[in-house]
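Working notes, beginning with the structure itself.
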Amino acid sequence: MDYTSAACRDGHTILTGVRHFDLGAILDCGQCFRWEQRSEGCYAGVALGRALVVEQKEDRVLLRDTTLREFQEVWRDYFDLDRDYGEVKAILETDEAMAAAVAFCPGMRVLRQDPWEALCSFIISQNNNIPRIKGIVERLCRAFGDLLPGGSFTFPPPRRLAGRTVEELAELRSGFRAKYILDAARLAASGELELEPLYTMELDKARGSLMSIKGVGPKVAECALLYGFGRAECVPVDVWIKRALAQLYPEGFPPAFSPIAGIGQQYLFHYMRKGR
DNA sequence: AGCCAGGGTCTGC
DNA sequence: GCAGACCATGGC
């Protein structure tokens, strides 16, 4: 567990002794698209149907207007706080190149996001850049999500999108991805594609299942599994990771990485893009 | 103007 | 199986 204590004061939950946790890096490294920086170390966003303002100062993390119960039931898992990233990094640091990536951003973590949101967001991500992905996702939520107190919107569930038309989704300036979003929503809403089993299904079966969606190839499937279904073995290979693999790991990642290779991928991705 | 952005599909060999 | 055209959009 990567924090010492959680306590509620004046309606806010305060975590102390938080380790291996760099809020800014976690929320702005291309794994999620619904958080905006408000000020230094302070971010506002929506996840799992709830709005949150969260702030980090050194080893303390403040979750505004959050009961202890909500922290325990929702955010503790979302921020992957039950995982000991000391152990993860001990494995990764046995490798020289990965040790450099970890050293560049020791506070990186992989979030446990809502599966549908992760799937849909990474469908939108294809051949796209992060600011524009965020824009499309935001317009999608404003158009079809539920209004929350405070003015933000939830991510619309499959049922809500399944009845839309390609034209309506294209109005979000999602381009050629509109038909893919719709196909995913219809499959998920009809039950033809069940998401819940993908948490535990044999990996190659899960990959195949996701790739039955139009517009979902190996990269998007891997992203959905890693970020949405907590499958830490999954390694999305985009152009950056492809370059890194070619240069540093022509034989692939060391086998010892396997159970947490996807987390290693996140350190490496961030290092490749933002490091030096 | 041309290239790139956390890719995938479709076609032709 | 694999290369190449094409796909919408926006920033640089």
Side-chain angles (χ1 to χ4, degrees), chain A residues 24-36 101 104-105 108-143 155 164-188 193 204 206-249 253 261-275:
Chain A
I26 293 164
L27 298 180
D28 192 27
C29 67
Q31 65 173 319
C32 55
F33 305 100
R34 297 220 62 203
W35 294 91
E36 291 300 333
F104 173 67
C105 185
M108 181 58 69
R109 304 178 80 85
V110 172
L111 297 169
R112 293 176 177 272
Q113 302 178 58
D114 172 74
W116 165 247
E117 177 172 339
L119 171 59
C120 197
S121 296
F122 281 97
I123 287 173
I124 292 168
S125 81
Q126 74 173 57
N127 200 33
N128 213 340
N129 58 59
I130 292 171
R132 214 170 82 82
I133 297 163
K134 288 172 99 170
I136 294 168
V137 169
E138 186 57 31
R139 289 189 289 278
L140 180 71
C141 295
R142 280 180 186 278
F155 195 94
R164 303 295 103 195
T165 63
V166 176
E167 289 73 22
E168 284 178 285
L169 292 170
E171 279 175 29
L172 309 168
R173 286 168 277 166
S174 56
F176 60 86
R177 306 162 192 84
K179 55 183 176 293
Y180 300 152
I181 299 168
L182 198 53
D183 188 53
R186 287 181 174 161
L187 287 172
L193 172 68
D204 277 328
R207 291 183 175 109
S209 179
L210 286 167
M211 286 193 286
S212 71
I213 302 165
K214 285 176 202 146
V216 176
K219 160 64 163 68
V220 172
E222 215 69 358
C223 284
L225 288 167
L226 175 63
Y227 302 120
F229 293 94
R231 307 298 293 263
E233 320 89 292
C234 291
V235 178
V237 179
D238 74 318
V239 287
W240 293 93
I241 295 298
K242 191 174 290 181
R243 272 198 289 268
L245 286 172
Q247 278 180 11
L248 305 169
Y249 305 98
F253 277 165
I263 303 177
Q265 173 272 154
Q266 200 63 38
Y267 289 104
L268 195 56
F269 178 71
H270 192 240
Y271 180 54
M272 288 291 133
R273 296 188 63 222
K274 303 283 173 85

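Each chain gets a letter, A, B and so on, in the order its sequence line appears, and its residues count up from 1.
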Requested in this report: For A:Arg177 and B:dT9, give me the distance from atom CZ to atom P, rounded to whole Å.
Outcome: 13 Å

Query raised in the report: Between B:dG6 atom C1' and A:Arg243 atom CZ, what is the distance in whole Å?
Result: 11 Å

**Report entry** Heavy-atom pair of closest approach, residues A:Val235 and A:Gly262
**Finding:** CG2-N, 3.9 Å

Query - Interatomic distance where CG belongs to A:Asn127 and P belongs to B:dT9 [whole Å] - result: 13 Å

Query raised in the report: So what does the secondary structure string of DNA chain C come out as, 5' to 3', with Watson-Crick or wobble pairs under 3.5 angstrom, [ ] for crossing and | for pairs with another strand?
Result: |||||||.||||

Query raised in the report: Closer to the 5' end of DNA chain C via nearest nucleotide, is it A:Gln126 or A:Asn129?
Result: A:Gln126

Query raised in the report: What is the nucleic acid contact for A:Gly30, judged by heavy atoms within less than 4.0 Å: base, sugar-phosphate only, or nothing?
Result: base

Report task. Mind checking A:Val216 for me? I need base, sugar-phosphate or nothing, with any heavy atom below 4.0 Å counting as a touch. Result -> sugar-phosphate

Report task. Identify whether any heavy atom of A:Cys32 sits under 4.0 Å from a base atom; if not, whether one sits that close to sugar-phosphate; answer base, sugar-phosphate or nothing. Result -> nothing

**Report entry** Derivation and outcome, side chain to side chain contact (heavy atoms under 4.5 Å, CB included), residues A:Phe155 and A:Val137
**Finding:** CA-CA 8 Å; A:Phe155 195 94; A:Val137 169; 3.9 Å; yes

Query raised in the report: Would you say the side chain of A:Tyr227 and the base of B:dG6 hold a donor-acceptor pair, judged only by whether the two atoms sit under 3.5 Å apart?
Result: yes

Query raised in the report: Would you say the base of B:dG6 and the side-chain of A:Gln266 have a donor-acceptor pair closer than 3.5 Å?
Result: yes

Requested in this report: Nearest whole angstrom, please: distance from the P of B:dA5 to the CZ of A:Phe269.
Outcome: 10 Å

Report task. Using the P atom on both, measure B:dG2 against C:dA5 and round to a whole Å. Result -> 16 Å

Report summary line: Here the pair of heavy atoms bringing A:Gln266 nearest to A:Val110 is CB-CG2, 3.8 Å

Requested in this report: Remember a base hit wins even if backbone is also touched, and classify A:Pro131 as base, sugar-phosphate or nothing at under 4.0 Å, heavy atoms.
Outcome: nothing

Report task. Just say parallel, tilted or perpendicular for the rings of A:Phe104 and A:Tyr271, cut-offs at 30° and 60°. Result -> tilted

Query raised in the report: Can you name the nearest heavy-atom pair linking A:Cys32 to A:Gln113, along with the distance?
Result: CB-OE1, 3.6 Å

Query raised in the report: Pairs in or reaching into residues 174-183 of chain A: which pass salt bridge (Lys or Arg N to Asp or Glu O under 4.0 Å), with residues at least two apart or in two chains?
Result: none

Query - Side-chain heavy atoms of A:Leu140 within contact of A:Cys120, under 4.5 Å - result: yes

Query raised in the report: Where does the chain A footprint on DNA chain C start and end, counting 5' to 3' with a 4.0 Å heavy-atom cut-off?
Result: C:dC7 to C:dG10

Requested in this report: Nearest whole angstrom, please: distance from the C1' of B:dG6 to the CD of A:Gln265.
Outcome: 9 Å

Query raised in the report: Considering only the P atoms, how many Å lie between B:dG6 and C:dG4, rounded to the nearest integer?
Result: 24 Å

Requested in this report: May I ask you to say what A:Arg173 touches in the nucleic acid, namely base, sugar-phosphate or nothing, with a heavy-atom cut-off under 4.0 Å?
Outcome: sugar-phosphate

**Report entry** Spacing of the C1' atoms in C:dA8 and B:dC4 (rounded, Å)
**Finding:** 14 Å

Requested in this report: Could you check how far CG of A:Asp183 sits from P of B:dG8, rounded to whole Å?
Outcome: 14 Å

Query raised in the report: In whole Å, what is the span from the CD atom of A:Glu222 to the P atom of B:dG8?
Result: 10 Å

Query raised in the report: Any side-chain heavy atom of A:Phe253 sitting closer than 4.5 Å to one from A:Leu245?
Result: yes

Report summary line: To the nearest angstrom, the CG-P distance between A:Leu210 and B:dG8 comes to 12 Å

Report summary line: Smallest heavy-atom separation, A:Leu172 atom then A:Ile136 atom, equals O-CG1, 4.0 Å

Requested in this report: Identify the heavy atoms of A:Gln126 and A:Gly215 that sit nearest to each other, and give their distance.
Outcome: OE1-O, 3.0 Å

